[in-house]
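Down below is the structure, laid out as structure tokens.
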Amino acid sequence: MIHLYNTLSKKKEPFEPLHPPFVGMYVCGPTVYDDPHLGHAKSYVSFDVIVRFLRASGYKVRYVQNITDVGHLLGDTDEGEDRIIKKARLEKLEPMEIAQKYEVRYFNDMDLLNNMRPDISCRASGYIPEMTGLVQSLLDKGFAYQAGGNVYFDISKFGDYGKLSGRKVVDLLEGVRVDVAEGKRHAADFALWKKADPDHIMQWPSPWGQGYPGWHLECSVMSMKYLGESIDIHGGGLDNQFPHHECEIAQSEAATGKPFVRYWLHNNMVTIDGQKMSKSLGNFKSLPDLFGAYGPMTVRFFILQGHYRSPQDFSDQALEAARKGFLRLSQIVQDIGKPVDASASPVTEPGPVWKAHRERFFAFMEDDFNTAGAISVLFDMARDAQKCMQDAAAEDLVHAGRLFDELGSSILGLKFEPAAGQADTETENALVVLLLELRRKFRQEKDWASSDAIRDRLLEIGIAIEDGKDKTTWRKVTG
RNA sequence: GGCGGCGUAGCCAAGUGGCUAAGGCAGAGGUCUGCAAAACCUUUAUUCAGCGGUUCAAAUCCGCUCGCCGCCUCCA
């Protein structure tokens with residue numbers, strides 16, 4: 001039985017979907033106006049593993065993620081600027097070119113991290129009619145009001161407002177902010193539809209005039225369209241808990257009269273050298289930059305060594321530790337695959353050792369997706385697999401290989417490819433083999449200076465050689 | 001100011017009432033080796049920020065103190 005931490009109840013709860021074995025899961029996607037960054041990596045790797053594990057546990061998951069390609073205002077006031085439009089002017093491109101360009105980059109980086117694509121990836125701009133429909137329904141039911149071409153949600157009409165984030169409606173009604181948009185009844189009322197100036201590029205017709213949708217609307221509309229009025233899991237970053245998710249609940253439940261989401265999952269934030277990473281602070285690290293230094297699998301492994309609900313600090317020291325740990329694991333997985341024929345099915349059941357590892361792995365994952373604990377099982381498996389290699393226990397190695405495949409590759413989404421590659425070409429291979437033959441000759445003659453020179457020079461080129469018992473192996477090393 | 005979280009070995013990080021406080025990185029010793037490297041084996045916290053309390057029993061619950069962080073404005 002899976003237990004997960006529900007932000008709504010602030011407790012770990014047993015996971016019981018509405019219509020087992022089907023699970024509807026919606027995760028807030030990115031606003032596509034800039035390169036993906038560390039925060040995206042943590043968030044989407046975390047939810048990717050959650051989807052993978054739910055599937056491994058027998059659930060049929062429909063995973064929906066939005067792409068926010070409708071610009072939203074930078075500030076709360078009407079003077080704020082639309083991020084996508086701003087970027088479009090900077091790059092001298094159409095707003096939709098910006099959205100398209102960064103959506104491609106987003107998926108490219110998610111692919112590198114080995115995140116599965118969502119089953120449905122929906123762009124907000126494609127659902128304007130559904131959004132105006134929801135706004136109209138809220139107006140009809142008296143939860144919303146018009147003011148100067150804008151439509152606002154009246155939070156005083158929705159008694160449950162604040163139930164997710166712990167805000168008190170009375171406090172919010174008092175008006176905390178300085179600049180309250182004109183026409184709002186309460187400071188904390190949020191926009192469902194905004195009037196657009198004639199020169200505003202992204203705008204659509206609506207019953208209330210030309211405009212564009214409020215930011216919170218798209219997630220309500222698209223999740224309900226594909227997953228129904230009540231969905232099992234809604235995920236997103238902790239920073240979106242308020243106001244975004246609070247507003248989603250308000251507008252969705254006001255419209256349908258039904259509970260919007262059963263389980264709210266929030267991943268925690270990323271810091272860089274102890275500092276919050278944010279776009280407004282300008283200290284965010286993009287994934288293309290990071291991948292240049294560490295490689296996507298190291299980043300994925302590093303993220304999974306923490307817990308999705310804990311904040312995670314990215315530092316070179318921590319990433320380097322993750323890189324080495326993952327490299328060791330990868331090499332063991334490679335090594336145990338070598339001596340055995342993977343297609344040969346062993347006649348025996350997996351021994352108690354492997355069964356125990358698998359059970360421990362599942363126990364960790366069933367406890368609110370404790371990937372850090374799950375990875376520790378992988379290292380324990382590596383140790384046992386090592387023993388089997390020494391004992392030449394071929395059958396056990398097949399079981400070990402299959403378990404790494406199931407737990408490490410399928411569920412955690414790790415690719416155990418050697419960071420060090422083999423020869424790129426036949427020529428390269430032949431050259432290295434030639435050098436190794438020469439070196440063997442020098443060693444036989446005890447010409448240590450010459451043999452060590454070959455070793456040192458090869459290492460400078462990026463080829464490490466390792467003298468084994470009766471033969472010398474080599475591999476490429478990076479960085 | 002309001003709401004919430006965190007503080008576990010040199011670093012990263014699980015564990016949230018009861019077996020010997022996971023695991024990774026780094027360190028130390030050893031095996032192997034001509035020497036290395038890699039790999040493997042062994043080892044590294046009488047203690048969980050501090051103080052006080054509850055309990056037969058606390059890193060885990062409660063209170064206070066110190067330190068750090070997040071949300072309350074776009075952000076995953």
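In this text the structure is predicted, and so the values were computed from the model without any measurement. All chains are named by letter (A, B, ...) in the order of the sequence lines, taking the proteins before the strands, and each is independently numbered beginning at 1.
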Taking for Arg439(A) and for Asp367(A) the nucleotide of RNA chain B with the nearest heavy atom, the one nearer the 5' end belongs to Asp367(A)
Thr31(A) has its side chain closest, among G34(B), A76(B), C71(B), to A76(B)
Looking at Phe314(A) versus Phe302(A), is the centre-to-centre ring distance below 6.0 Å?
yes
Pairing partner (Watson-Crick or G-U wobble, both distances under 3.5 angstrom) of G4(B):
C69(B)
Would you tell me if any nitrogen or oxygen in the side chain of Asn268(A) comes within less than 4.0 Å of OP1 or OP2 on A76(B)?
no
To the nearest angstrom, the CG-P distance between Leu8(A) and G4(B) comes to 15 Å
Can you tell me how far P of C71(B) sits from CD of Glu246(A), to the nearest Å?
17 Å
From C-beta outward on Ala318(A), which listed nucleotide comes closest to its side chain: C12(B), A14(B), G24(B)?
C12(B)
Are the side chains of Arg358(A) and Lys355(A) in contact, using a 4.5 Å heavy-atom criterion?
no
Rounded to whole Å, please give me the gap between CZ in Phe326(A) and P in G24(B).
15 Å
Paired to C64(B) by Watson-Crick or G-U wobble criteria (both distances under 3.5 Å) is G50(B)
Using atom NZ of Lys168(A) as one end and atom C1' of C71(B) as the other, report the distance to the nearest whole Å.
15 Å
Is there ring stacking between Phe364(A) and A14(B), where the centres must be under 5.5 angstrom apart and the planes under 30 degrees?
no
Can you tell me the base-pairing partner of C40(B)? Count Watson-Crick or G-U wobble geometry only, both distances below 3.5 Å, and say none if there is no partner.
G30(B)
Phe301(A) and Phe379(A) aromatic ring geometry - parallel, tilted or perpendicular at 30°/60° bounds
perpendicular
Is it the case that atom CZ in Arg309(A) sees more than 12 heavy atoms from other parts of the structure closer than 6.0 Å?
yes
Can you tell which of A22(B), G24(B), C35(B) lies closest to the side chain of Arg443(A)?
C35(B)
Would you mind telling me which of C11(B), G34(B), G15(B) lies closest to the side-chain atoms of Ser451(A)?
G34(B)
Could you go step by step and tell me if Tyr26(A) and Tyr63(A) meet the ring-ring contact (aromatic ring centres under 6.0 Å, His included) rule?
CA-CA 6 Å; Tyr26(A) 184 92; Tyr63(A) 178 25; 9.1 Å; no
Hey, does the Lys NZ or Arg CZ of Arg185(A) hover above the aromatic six-ring of Tyr152(A), less than 6.0 Å from the centre and inside 45° of the axis?
no
Rounded to the nearest Å, what distance is computed from the OH atom of residue Tyr294(A) to the P atom of nucleotide G24(B)?
20 Å
Answer yes or no for Arg167(A) and Tyr161(A): cation-pi contact, defined as NZ/CZ to six-membered ring centre under 6.0 Å and angle to ring axis within 45°.
no
Output yes when at least one side-chain N/O atom of Lys324(A) is less than 4.0 Å from OP1 or OP2 of G24(B), else no.
no
What's the CE-P distance between Met381(A) and G24(B), to the nearest Å?
14 Å
Applying the Watson-Crick and G-U wobble criteria at under 3.5 Å, what pairs with A14(B)? Answer none if nothing qualifies.
none
In terms of heavy-atom contacts, does NZ of Lys10(A) have more than 12 from other residues, nucleotides or ligands at under 6.0 Å?
yes
What's the CD-C1' distance between Gln312(A) and G24(B), to the nearest Å?
13 Å
Tell which nucleotide pairs with A57(B), taking only Watson-Crick or G-U wobble pairs whose two distances are both under 3.5 angstrom.
none
Could you pull out the protein-nucleic contacts involving nucleotides 38-41 of chain B (nitrogen or oxygen on both sides, under 3.5 Å)?
residue, atom, partner, partner atom, Å
C40(B), O2', Gln390(A), NE2, 3.4

Nearest-nucleotide wise, let me know which of Trp448(A) and Met269(A) is further upstream toward the 5' end of RNA chain B.
Trp448(A)
